[in-house]
Amino acid sequence: MPRTPDSYYDGPMIFGSKKISSVAIVGAGMAGMSCAIALGREIPSITVFEKSRAAGGRMKSRQHDDCQFDCGAQYFTVRTPVFERQIEQWREQWLVDEWKGWLVDLHEGEALSREDGVKRYLGRPYMHSCVEDMAALCDVRYRVQVARVEHRRKAWRLFDAQDQALGAFDALVVAVPAPEAVPLLEAVPALSTVAASVDMTPCWSVMLSFEESLQLGFDGAFLVAPKLSWAARNSSKPERGERESWILHGSPEWSEANMDLEAVEVIEALLKGMEQACGRRFPMPVHADAKLWRYALPVNPLGESCLYDSELRIGACGDWCNVARVEGAYLSGLNMAMKLIER
């Protein structure tokens, strides 16, 4: 039998209102897709609009030759029974694996082991695999950017960047980073103002591969350094390739101050920063690339499951509503769905 959203989502049954028959979701990241899957059990028409060419949002992997780079989220953790059940389902589908890398706190050349007992999970074989699996069960319109929305005749009407109509829907869910959600929520000033209060910091992500092992003695490092906040031996993760590969994340402060740099300048700066942090020189990488995540991390999440106006049937969800983790995004999308279809 073909899989359906009903067979995918194993949470509690939700008996919802029959008044909503169609929902538009803007954004196919973790929050948007967990919302879409949960809604798919109760509402007949769910349409997801995604401006990029694939689902995943900040859960993204890139492939180069025999290397795979997790250029966005590095791993995800579990703190709630709901997300734990979902992780187990993904593991049964071979979509998630545990990363048992050796992690340290690296400061002024000294590496202190971080034995915190936290289980860290990865999408398999790509970081975005579990999100793509959800997207495969939904109607997702890729490479479509929703530029504006309007509420008219009790329906939400969406328009693209060329002001072409994308359809009319009974309800609207905005599942994008807070700064991108603000203009789409302007029809409801109360929601738009709350979203505008959330600050999100950028992050430069540098991807490097080498001919030989750097032999640094660790697989991941949390850094307190002027330029860097994180470094990971990406090739230590399951199914990420055999060639020595590393991910370097610029610190929020450095990334924000250097958003306009060219990629080659970012690579040079963060590579030098890593050498200084480790107290040694590295060989020339055989591959180097950089990506800027303009809205990487919410500084002041709202501490709410999601935002919702029940009268106008518009809401917003994401890690910036709940907590700044992959789990936070998942739960925010799930709670958004529950608000839409509860009695």
Side-chain angles (χ1 to χ4, degrees), residues 27 29 51-52 56-62 64 69-75 103-112 114 127 176-183 193-209 214 216 218 220-234 245-282 284-285 287-302 318-321 323-326 328-329:
K51 66 179 180 180
S52 67
R58 282 164 283 163
M59 295 181 68
K60 188 67 69 177
S61 297
R62 282 187 177 182
H64 178 79
F69 298 96
D70 298 326
C71 57
Q74 295 297 288
Y75 56 81
L103 303 188
V104 301
D105 291 293
L106 184 60
H107 181 58
E108 295 182 349
E110 184 178 4
L112 300 177
R114 177 178 284 215
M127 187 60 76
V176 296
E180 295 181 346
V182 171
T193 300
V194 173
S197 72
V198 178
D199 297 318
M200 298 192 72
T201 59
C203 178
W204 271 110
S205 178
V206 165
M207 296 151 271
L208 305 167
S209 65
L214 298 185
L216 295 180
F218 57 82
F222 299 90
L223 295 98
V224 179
K227 298 177 182 178
L228 290 166
S229 61
W230 168 258
R233 187 166 70 92
N234 213 68
S245 61
W246 283 80
I247 295 286
L248 307 180
H249 278 180
S251 68
E253 298 80 12
W254 188 89
S255 295
E256 186 162 14
N258 294 277
M259 290 174 62
D260 296 330
L261 288 184
E262 297 293 332
V264 64
E265 298 174 294
V266 174
I267 293 166
E268 181 181 4
L270 295 192
L271 184 55
K272 285 184 178 180
M274 186 62 178
E275 289 177 335
Q276 291 169 355
C278 295
R280 52 167 290 187
R281 294 292 302 274
F282 298 154
M284 184 69 68
H287 172 74
D289 199 1
K291 175 176 175 56
L292 175 66
W293 294 98
R294 189 169 296 274
Y295 306 118
L297 186 69
V299 178
N300 53 334
L302 298 175
D319 63 346
W320 56 272
C321 290
V323 290
R325 296 192 298 268
V326 170

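Quick note: numbers below take in every heavy atom, side chains included, and nothing from hydrogens, waters or symmetry partners.
With salt bridges taken as basic N to acidic carboxylate O contacts below 4.0 Å, none links D70 and K60. In this structure, D289 pairs ionically with R62, as a charged nitrogen and a carboxylate oxygen lie closer than 4.0 Å.
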For the pair H249 and V206, evaluate side-chain contact (heavy atoms from CB on, under 4.5 Å) and give the outcome as yes or no after the intermediate values. CA-CA 6 Å; H249 278 180; V206 165; over 6 Å; no
S61 vs F69, side-chain contact (heavy atoms from CB on, under 4.5 Å): CA-CA, chis, key distance, verdict: CA-CA 5 Å; S61 297; F69 298 96; over 6 Å; no
Intermediate values then yes/no, side-chain contact (heavy atoms from CB on, under 4.5 Å), V266 and W254: CA-CA 10 Å; V266 174; W254 188 89; 4.2 Å; yes
Go through the steps to decide whether L216 and C278 satisfy the test side-chain contact (heavy atoms from CB on, under 4.5 Å), and finish with yes or no. CA-CA 8 Å; L216 295 180; C278 295; 4.1 Å; yes
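Distance check, rounded to the nearest 0.5 Å: CZ of R325 to CG of D319 gives 10.0 Å.
Residue pairs meeting the salt bridge (Lys or Arg N to Asp or Glu O under 4.0 Å) criterion with at least one member in residues 262-278, sequence neighbours excluded: E268-K272, E275-R281.
When all heavy atoms are compared, the tightest approach of A290 to I267 is CB-CG1, 4.0 Å. A pairwise comparison of heavy atoms in K291 and C71 identifies CD-SG, 4.3 Å as the closest pair.
Put simply, the side chain of W320 reaches to within 4.5 Å of the side chain of L302, judged on heavy atoms. At a threshold of 4.5 Å between non-hydrogen side-chain atoms, the residues F282 and L208 do not count as touching. With contacts defined as side-chain heavy-atom distances shorter than 4.5 Å, the pair L292/P202 qualifies.
With sequence neighbours left out, R294 forms a side-chain hydrogen bond (donor to acceptor under 3.5 Å, both in side chains) with no residue at all. For D105, the salt bridge (charged side-chain N to carboxylate O under 4.0 Å, His left out) partners are R114, not counting sequence neighbours. Residues that satisfy the side-chain hydrogen bond (donor to acceptor under 3.5 Å, both in side chains) test with W204, not counting sequence neighbours, are absent from this structure. The side-chain contact (heavy atoms from CB on, under 4.5 Å) search around V224 returns H107, not counting sequence neighbours. Remark: Y295 pairs with no residue by the ring-ring contact (aromatic ring centres under 6.0 Å, His included) rule, at least two apart or across chains.
Applying the 6.0 Å contact sphere to NZ of K51 captures no more than 12 heavy atoms from other residues, nucleotides or ligands.
By the 30° and 60° cut-offs, the orientation of the rings of H287 relative to H64 is parallel.
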